[in-house]
Amino acid sequence: MLGKVSVGALMLESPDVVSLVYEATSQIPKGMVSTYGDIAKALGDVRASRAVGEILSKNPTPIVVPCHRVVYSDGKVGWYSGKGKNSDKKITLLESEGVEIKNGSIENFSSVRFAEFNIPNVLKQLRDEQEEIREHVVEEDDFGVLRHVVGLDVSYIGERSFGVAAVYSLENNELVEIKKVECSVRFPYIPTYLSYREAPVLSKLIDVKDAIYLVDGHGLLHPRAGIASHLGVLCNVPTIGAAKSLLYGHVESPESNRSEITIDGKISGIALKEGRSATYVSVGHRVSLNTATELCIRFLCHGIPLPLRTAHNEATLARKRAT
DNA sequence: GCGACAG
DNA sequence: ATCTTGTCGC
Ligand SMILES: [Mg+2]
């Protein structure tokens, strides 16, 4: 990796959310229940509730880690995995612990609902780090002679992540090189915390000095700072965010092929449309929105910048070959 | 009852 | 993102 590491380094040692979910679940007393969202809130953000559900669906030690005590926020018991969609086992377990259930819903839900978890508020820490990164973002062209545009993307098999860099020449717009790296990930996908899942593997691919990096994901089109900004600030390289769907911000002219996107009235991104597909461009780091947009347009191919398409295809290939 | 919150 | 299916809030 290029440059010194200081701001944004929490990403390199992401908190063990998986273990924290199991720890929280183990804190639910017998005879009580909690919800996926309550555990997510204890982690620091209700947006993590789906991730909590996914993690518990893969609980390697049912009963020991009592995931049967985690139910929907409306009081419905929900599924008990293991094998097939089934809630019978979950209901039986809960009733044996003294929890009353009627028509698949918890009786006296509010009085048996446990939420006093004692786990660290890790997502708050990550948000704080993202805010700090945001303050370090340079929103103007800040580079010497650029010779390459590098598309970055990731694919997965369970906890294995495959990162790909597709290096394109700015002299002739042609593919120069493809770099690949594999590493293991435990951090789940949580909306607005994508960096902590994908940036570790991608940071290993940042070693071309005369390049600007095109990242699959947002930069400043984010409530704090997206993965493109995170990688840019962490590695001190120019980066552009380019995503296929919008996370945050208001599209000013939805009909236009090139629309401004504003956040609190500030122009923070550009939506590029070509046929059915769209690319949402934003500043990652050390680039102006204009330059970022022009570079994306220059490589735009069927609605997506070619370096990203190639990186995506190669990442998918790497995953299939690893299977 | 349905849409959402990058990948 | 993957290839199975998870929650929340309007
Ligand atoms: Mg991707």
Side-chain angles (χ1 to χ4, degrees), chain A residues 11 14 18 21 25 33-41 43 45-59 67-68 70-87 90 123 127 130 151-164 185-202 214-231 239-249 251 261 263 268-269 271 277-282 284 304 308 311-313 315-316 318-320 322-323:
Chain A
M11 173 215 88
S14 302
V18 174
V21 167
T25 303
V33 298
S34 191
T35 75
Y36 303 91
D38 287 343
I39 294 174
K41 286 174 196 158
L43 288 168
D45 196 326
V46 69
R47 287 181 144 150
S49 45
R50 258 199 291 190
V52 170
E54 272 178 33
I55 289 165
L56 289 180
S57 76
K58 291 165 191 153
N59 179 8
C67 58
H68 59 280
V70 184
V71 303
Y72 291 3
S73 62
D74 62 1
K76 289 204 173 71
V77 168
W79 309 119
Y80 192 66
S81 44
K83 269 198 172 172
K85 272 191 178 182
N86 193 339
S87 54
K90 194 166 180 177
L123 297 181
R127 280 198 304 281
Q130 290 175 325
L152 295 176
D153 200 6
V154 192
S155 66
Y156 298 90
I157 302 176
E159 293 188 355
R160 298 170 73 190
S161 65
F162 303 89
V164 169
V185 260
R186 296 247 309 158
F187 198 92
Y189 170 67
I190 303 170
T192 72
Y193 302 85
L194 176 65
S195 301
Y196 298 93
R197 177 167 172 80
E198 298 207 335
V201 64
L202 293 182
L214 198 47
V215 185
D216 183 30
H218 295 292
L220 293 185
L221 282 175
H222 187 285
R224 299 171 296 276
I227 185 168
S229 298
H230 203 139
L231 277 171
T239 57
I240 298 169
K244 294 173 285 295
S245 68
L246 194 59
L247 171 73
Y248 192 66
V251 181
I261 303 169
I263 294 174
S268 305
S277 47
T279 293
Y280 299 88
V281 182
S282 60
I304 174 175
L308 279 184
H312 185 269
N313 288 344
T316 304
R319 176 174 66 82
K320 287 179 176 166
T323 309

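Treat the numbers as computed from the prediction; the structure is a model and nothing was measured. Every chain is numbered from 1 and lettered A, B, ... according to where its sequence line falls, protein lines coming before strand lines.
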Looking only at atom [atom1], what distance separates [N] and [M], rounded to whole Å?
| N | M | atom1 | answer |
| --- | --- | --- | --- |
| B:dG3 | C:dG6 | C1' | 16 Å |
| C:dT4 | C:dC8 | P | 24 Å |
| B:dG7 | C:dT7 | P | 23 Å |
| C:dG9 | C:dT5 | P | 24 Å |

What does [X] touch in the nucleic acid at a heavy-atom separation under 4.0 angstrom: a base, only the sugar-phosphate, or nothing?
| X | result |
| --- | --- |
| A:Glu54 | base |
| A:Tyr193 | base |
| A:Ile227 | base |
| A:Ser73 | sugar-phosphate |
| A:Gly226 | base |
| A:Asp74 | nothing |

Checking A:Arg197 against A:Tyr156: charged group under 6.0 Å from the ring centre and within 45 degrees of the axis? yes
Does A:Arg224 make a cation-pi contact with A:Tyr193 (under 6.0 Å, within 45 degrees of the axis)? yes
What's the spacing between A:Leu152 CG and A:Leu214 CG if we round to 0.5 Å? 8.0 Å
In this structure, how many angstroms lie between the [atom2] atom of [N] and the [atom1] atom of [X], rounded?
| X | N | atom1 | atom2 | answer |
| --- | --- | --- | --- | --- |
| A:Ile55 | C:dA1 | CD1 | P | 20 Å |
| A:Tyr196 | B:dG7 | OH | P | 18 Å |
| A:Leu246 | B:dG7 | CG | P | 10 Å |
| A:Asn59 | C:dG6 | CG | C1' | 14 Å |
| A:Leu202 | C:dA1 | CG | P | 13 Å |
| A:Ile157 | B:dG7 | CD1 | P | 20 Å |
| A:Leu152 | B:dA6 | CG | C1' | 15 Å |
| A:Lys320 | C:dA1 | NZ | P | 11 Å |

Between A:Ile227 and A:His218, is there a side-chain heavy-atom distance shorter than 4.5 Å? no
What nucleotide among [options] has an atom nearest to a side-chain atom of [X]?
| X | options | result |
| --- | --- | --- |
| A:Arg319 | B:dG7, C:dT7, C:dT2 | C:dT2 |
| A:His222 | B:dA6, B:dC5, B:dG7 | B:dA6 |
| A:Tyr156 | B:dA6, C:dA1, C:dC8 | C:dA1 |
| A:His312 | B:dA6, C:dA1, C:dC8 | C:dA1 |
| A:Tyr36 | B:dC5, C:dA1, C:dC8 | C:dC8 |
| A:Tyr72 | B:dA6, C:dT7, C:dC8 | C:dT7 |
| A:Leu247 | C:dC8, B:dG7, B:dA6 | B:dA6 |

Distance only, no hydrogens: is a donor on one side chain within 3.5 Å (strictly under) of an acceptor on the other, for A:Ser14 and A:Arg186? no
Do A:Tyr36 and A:Glu54 get their side chains close enough for a donor-acceptor pair, meaning under 3.5 Å? no
Ignoring backbone atoms, establish whether [X] has a side-chain N or O less than 4.0 Å from OP1 or OP2 of [N].
| X | N | result |
| --- | --- | --- |
| A:Trp79 | C:dT5 | no |
| A:Thr35 | C:dC8 | yes |
| A:Ser245 | B:dG7 | yes |
| A:Lys244 | B:dG7 | yes |

Does the side-chain ring of A:Tyr280 lie flat on the base of B:dA6, meaning centres under 5.5 Å and planes less than 30 degrees apart? no
Who does C:dG9 pair with, Watson-Crick or G-U, both distances under 3.5 Å? B:dC2
Given the rule in the side chain to side chain contact (heavy atoms under 4.5 Å, CB included) test, do A:Thr25 and A:Val70 qualify, once you have shown the distances and angles that lead to the verdict? CA-CA 7 Å; A:Thr25 303; A:Val70 184; 4.0 Å; yes
